Amino acid sequence: MRIVFLGLSITSSWGNGHATTYRGLVRELDRLGHEVWFLERDAPWYAANRDLPEPPFGHTRLYGSLEELRDAYRGLVRDADLVVAGSYVPDGIAVGEWVTATAQGLTAFYDIDTPVTLTKVAAGECEYLTPSLIARYEFYLSFTGGPTLQFLEQQYKAPRARPLYCSVDPEQYFPEPDATARYDLGYMGTYSEDRQPPLDRLLIQPACLWREGRFIVAGPQYPPSIAWPPNVRRIEHLPPAKHREFYTSQRFTLNITRADMVRAGWSPSVRLFEAAACAVPIVSDPWPGLGEIFEIGRELLVAERPEDVLTYLQDLPEEDARAIGEAGRQRVLASHTAAHRARELESYAAELLEVSP
């Protein structure tokens, strides 16, 4: 197939989790023999922070405006077998209306932010999607599974809502046998107001209670008003090339979920799969559907209070911790790699196209 993505970014992972998802998906679709194009708006904040300016898979093109997109890529979009527009694309509503009016093949909306998107749509404040567009896309591909898919079809008349979770690249994320655990617990994530209370509860408070412990937090946009304990190291931004080293430097890693995604459930983050692929035991906040993605207690640990975290860090035998990390890795390799997602996207397209996945 010829597949065209119009996504937030594939060239820069700065301040977003979209790039790593698109990189893995486009690469695997390319390996499967599809002709894959990625069209990205040339935004200055990404231009200044491009960690993969020329992806070595598929065909990446930057465009400067909606007018340039329409003029330069009308034929490509018109003739593609599948056109996928993503969440948070600049001028996303206009892009979606143009895509659904122009494409002669299949069209899909890929929502990497489903719970946030639906909250915005319900309030009439979503800058990249409207109820009428949901009904016009032939597929709604969602980072969130579970009951949200049925809600999309019933409430917003999405013709076909399908899960297309984030994924991990096992060629980039794997255990480092000789790695030294320099930190007891680490967390990676861009600052968000709704994630800060659980970060305080599950990392900052444990750091205050256990002064001998070693902690690390990586991610941009944290306000200077946050009082970090002296035993918490801060890193402003880590490019994907440094993620594996970050995870494997920890005894345990922390997963925290956005509030909208906790409410919706069934919303695993890419960081969750990355850490698991590195065989690092994960401590996660609880949310509906988590137990269907990982077996809690065997493949992943759950914490709600600072005391829960400290019990794992101080009392869980290292052998048990390593077993949990390895079990989580095996689960990811069996179900959540970029190759799995590429095959899933193929199968969805095959529902309507006369091709075999």
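Just so it is clear, the model here is predicted, and its values are computed rather than measured.
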**Student:** Should F38 and Y22 be marked as a ring-ring contact (aromatic ring centres under 6.0 Å, His included) after you check the CA-CA gap, both sets of side-chain angles, and the distance that decides it?
**Tutor:** CA-CA 9 Å; F38 193 96; Y22 283 127; 4.9 Å; yes
**Student:** Is the shortest distance from a Lys or Arg side-chain nitrogen in R201 or E307 to a carboxylate oxygen in the other one below 4.0 Å?
**Tutor:** no
**Student:** Taking the six-membered ring for Trp, are Y156 and F151 closer than 6.0 Å centroid to centroid?
**Tutor:** yes
**Student:** Got a salt bridge between D30 and R27, using NZ or NE/NH1/NH2 to carboxylate O under 4.0 Å?
**Tutor:** no
**Student:** Within the 4.5 Å heavy-atom criterion, are S269 and T257 side-chain neighbours or not?
**Tutor:** no
**Student:** Under the salt bridge (Lys or Arg N to Asp or Glu O under 4.0 Å) rule, what pairs show up with a residue in residues 249-259, not counting sequence neighbours?
**Tutor:** D184-R251, D194-R258, R251-E318
**Student:** Would E127 and K120 count as a salt bridge (charged side-chain N to carboxylate O under 4.0 Å, His left out) if you check the C-alpha gap in whole Å, the side-chain angles of each, and the deciding distance to 0.1 Å?
**Tutor:** CA-CA 8 Å; E127 62 273 27; K120 286 174 170 281; 3.6 Å; yes
**Student:** If the test is side chain to side chain contact (heavy atoms under 4.5 Å, CB included), which one of I282, V283, L316 qualifies with I324?
**Tutor:** L316
**Student:** Tell me, please, which residues at least two apart from E35 pass side-chain hydrogen bond (donor to acceptor under 3.5 Å, both in side chains).
**Tutor:** R2, W37
**Student:** Do NZ/NE/NH1/NH2 and the carboxylate oxygens of D169 and R23 come within less than 4.0 Å?
**Tutor:** no
**Student:** Assess whether salt bridge (charged side-chain N to carboxylate O under 4.0 Å, His left out) is satisfied between R244 and E176, documenting all intermediate values.
**Tutor:** CA-CA 8 Å; R244 183 179 75 247; E176 293 279 8; 2.7 Å; yes
**Student:** If we ignore angles and hydrogens, is there a donor and acceptor under 3.5 Å between the side chains of T21 and H18?
**Tutor:** no
